[in-house]
Amino acid sequence: QVQLVESGGGLVQAGDSLRLSCAASARTFSTFAMGWFRQAPGKEREFVAHINWGTDSPVYADSVKGRFTISRDNAKNTVYLQMNSLKPEDTAVYYCAADVDRYYGALTDVTTNEAYEYWGQGTHVTVSS
């Protein structure tokens, strides 16, 4: 069983920055692809960013491209989401998720919920205008 714990959310103003962290309790974290999703009030959960175990070729939603950066520190079993130039429409609960099967050849679409086997409990981000 993999546990994921997000932190770093909060209330900020438009234009500010936040860095979210997601700590994983797994010895094999370095083989996990990881993703960030978010769910705004009254909306479905949506893809934000994805990173493979090797940190190459991150994938971003168009809405955050150029403003958000996903990264990871395998020595700390942690994945990060650096969010810059925040906008009120970025307000949501942010979830990290572990894509365990990709290392073993799974070819699921990284932008879909179905690609991820484990989810964190979420951290709230509120951006005021």
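Taking CG of Asp101 as the start and CD of Glu117 as the end, the distance is 4.0 Å to the nearest 0.5 Å. To the nearest 0.5 Å, the span separating OH on Tyr95 from CG on Asn113 amounts to 10.5 Å. To the nearest 0.5 Å, the span separating OG on Ser7 from OH on Tyr80 amounts to 9.0 Å.
Put simply, the side chain of Ser30 never gets that close to the backbone of Asn74: no donor and acceptor are under 3.5 Å apart. Side-chain atoms of Arg102 come within 3.5 Å of backbone atoms of Thr108 as a donor-acceptor pair (strictly under, hydrogens ignored). Distance alone, capped at 3.5 Å, places no donor-acceptor pair between the Tyr118 side chain and the Cys96 backbone.
Counting all heavy atoms, side chain and backbone alike, Val48 lies closest to Phe68 at CG1-CD2, 3.8 Å. When all heavy atoms are compared, the tightest approach of Asp73 to Phe29 is O-CE2, 4.2 Å. Closest of all the heavy-atom pairs between Asp109 and Ala115 is O-CB, 3.3 Å. Between Leu20 and Gly9 the shortest heavy-atom distance is CD2-N, 3.6 Å. The minimum heavy-atom distance between Ala14 and Ser129, with the atom names listed, is CB-CA, 4.3 Å. Across every non-hydrogen atom of Tyr94 and Leu81, the tightest pair is CD2-CD2, 4.1 Å.
The hydrophobic clustering, which links ILVMFWY residues whose side-chain heavy atoms are closer than 4.5 Å, places Leu4 and Tyr116 apart. Residues Val79 and Val2 fall within the same hydrophobic cluster, defined by Ile, Leu, Val, Met, Phe, Trp and Tyr side chains chained together at heavy-atom separations under 4.5 Å. Note on Met34 and Leu18: same hydrophobic cluster, where clusters join Ile, Leu, Val, Met, Phe, Trp and Tyr whose side-chain heavy atoms are under 4.5 Å apart, directly or indirectly. One hydrophobic cluster holds both Leu86 and Ile70 under the rule that ILVMFWY side chains link at heavy-atom gaps under 4.5 Å. Both Ile51 and Val64 belong to a common hydrophobic cluster when Ile, Leu, Val, Met, Phe, Trp and Tyr are linked at side-chain heavy-atom distances under 4.5 angstrom.
When the options Glu89, Glu6, Glu46 are evaluated for a salt bridge (charged side-chain N to carboxylate O under 4.0 Å, His left out) with Arg38, the one that passes is Glu46.
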**Report entry** Trace of the side-chain contact (heavy atoms from CB on, under 4.5 Å) decision for Asp99 with His50
**Finding:** CA-CA 9 Å; Asp99 175 4; His50 176 273; 3.6 Å; yes
Query raised in the report: Going through the distances and angles, do Tyr103 and Thr28 end up as a side-chain contact (heavy atoms from CB on, under 4.5 Å)?
Result: CA-CA 11 Å; Tyr103 185 79; Thr28 54; over 6 Å; no
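Relative to the ring axis of Tyr60, Arg67 does not place its NZ or CZ within 45° and under 6.0 Å from the centre.
Atom CD of Gln39 has more than 12 heavy atoms from other residues, nucleotides or ligands within 6.0 Å.
Taking a cutoff of 4.0 Å between a charged side-chain nitrogen and a carboxylate oxygen, Lys65 and Asp62 qualify as a salt bridge.
Inter-residue side-chain proximity for Val125 and Met83 is flagged as met; some heavy-atom pair is nearer than 4.5 Å.
Phe37 has its ring centre less than 6.0 Å from the ring centre of Trp119.
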